[in-house]
Amino acid sequence: MIGVGKIKQYSNVLEKPLSKGKQEVSLSAFAFLFSELVQYNQTQVDNIAELERRLEDAGYAVGARVLELLCHRDKGNRRETRLLGILSFVHSTVWKVLFGKVADSLEKGTEHEDEYMISEKELLVNRFISIPKDMGTFNCGAFVAGIVRGVLDGAGFPAVVTAHFVPMEGQQRPRTTILIKFAEEVLRREARLG
């Protein structure tokens, strides 16, 4: 066999190296699967708050896995230990892996010391969604809020994470803001680390 390199055979799937592989998923495939996730959960609940909670729970599982994957691949199994470090990691690295770009903005809340906001002008999960009038304030961004909560909890930064629409002047669609309210223990730990 001239010109053919020897291919190493692995006896076990666990022995195979983790390659980055193809990192993109077809937008239409994602939109279809996400639409099915929303429709399935919509048949299982009675109100919008419960639907958003179920989407957040689904996102939480994704976030926990994304954290493990990124820490293993990019950081040599190390995790962030500081508040601003983990927020920057979510805002840039996690967002880029999931949505192909860095989030539009990361801001600290002005009213409360423990609140941070990640804003996105056109969040992917809300891009192709048309909300019926009877569903009022339903926000599919709850799925992304769940992802963020999963990443933060897995990294040791428990927080309450919610998604909100914020109207923008001159824009037909509102931007989505992911509001992160950290637990008191996180703020105490951050103060100790100084």
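Both backbone and side-chain heavy atoms feed into the values below; hydrogens, waters and symmetry mates do not. What you see is a predicted model, and the numbers here were worked out from it, not measured in a lab.
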Item checked: In one Ile/Leu/Val/Met/Phe/Trp/Tyr side-chain cluster, 4.5 Å: L187, M117 -> no

Item checked: Side-chain heavy atoms of L98 within contact of L124, under 4.5 Å -> no

Notebook entry, point to check: Which heavy atom of W95 sits nearest a heavy atom of L123, and at what distance?
Noted result: CZ2-CD1, 3.8 Å

Item checked: Distance-only side-chain donor-acceptor flag, T43 / Q39, under 3.5 Å -> no

Next item on the list: Name all residues meeting the ring pair (Phe, Tyr, Trp, His ring centres under 6.0 Å) criterion together with F30; count only those two or more places apart in sequence or in a different chain, and write none if there are none.
Entry: F34

Check: If you measure from CG on L67 to CZ on F89, what distance do you get to the nearest 0.5 Å?
Finding: 5.5 Å

Next item on the list: Check the hydrophobic clustering (I, L, V, M, F, W, Y; side-chain heavy atoms under 4.5 Å; chains of links allowed) and say if V62 and F32 are grouped together.
Entry: no

Under 3.5 Å, sequence neighbours excluded: what are the donor-acceptor pairs made by side chains of residues 163-170?
from : atom 1 : to   : atom 2 : distance (Å)
H164 : NE2    : T162 : OG1    : 2.7

Notebook entry, point to check: Do the side chains of Y40 and L33 join up, straight or via other hydrophobic residues, at under 4.5 Å, putting them in one cluster?
Noted result: no

Check: Less than 4.0 Å between a side-chain N and a carboxylate O, is that true for E68 and R65?
Finding: no

Margin query: Under the rule for side-chain hydrogen bond (donor to acceptor under 3.5 Å, both in side chains), what residues qualify as partners of S92, not counting sequence neighbours?
Written below: none

Checklist line | Shared hydrophobic cluster, V161 / L70 (ILVMFWY, side-chain heavy atoms < 4.5 Å) | finding: yes

Pairs under 3.5 angstrom only: tabulate donor-acceptor contacts from the side chains of residues 99-109 to other protein residues two or more places apart or in another chain.
from : atom 1 : to   : atom 2 : distance (Å)
K101 : NZ     : D104 : OD1    : 2.9
K101 : NZ     : E120 : OE2    : 2.4
D104 : OD2    : K121 : N      : 2.5
S105 : OG     : E107 : OE2    : 3.2
K108 : NZ     : E113 : O      : 3.3
K108 : NZ     : E113 : OE2    : 3.0
K108 : NZ     : Y116 : OH     : 3.4

Next item on the list: Over all heavy atoms of both residues, which pair between E52 and T137 is shortest? Give the atoms and the distance, please.
Entry: OE2-O, 3.7 Å

Notebook entry, point to check: Can you find a heavy atom in the side chain of T177 that is under 4.5 Å from one in the side chain of R175?
Noted result: yes

Item checked: Side-chain touch L69/H72, heavy atoms, less than 4.5 angstrom -> no

Notebook entry, point to check: Just wondering, more than 12 heavy atoms not from D46 lying within 6.0 Å of its CG?
Noted result: no

Next item on the list: Could you please spell out the steps behind the side-chain contact (heavy atoms from CB on, under 4.5 Å) verdict for L87 and F157?
Entry: CA-CA 10 Å; L87 285 169; F157 293 86; over 6 Å; no

Distance-only check: which donor-acceptor pairs under 3.5 Å involve side-chain atoms of residues 138-156, not counting sequence neighbours?
from : atom 1 : to   : atom 2 : distance (Å)
N139 : OD1    : N126 : ND2    : 3.1
N139 : OD1    : G141 : N      : 2.7
R149 : NE     : E56  : OE2    : 2.8
D153 : OD2    : Y60  : OH     : 3.2

Notebook entry, point to check: What residue pairs, at least two apart or across chains, pass side chain to side chain donor-acceptor pair (under 3.5 Å) with a residue in residues 185-194?
Noted result: R82-E190

Margin query: Taking the side chain as everything from C-beta on, heavy atoms only, tell me whether L37 gets closer than 4.5 Å to L55.
Written below: yes

Notebook entry, point to check: What about F182 and V160, same hydrophobic cluster or not, with Ile/Leu/Val/Met/Phe/Trp/Tyr joined at side-chain heavy-atom distances under 4.5 Å?
Noted result: no

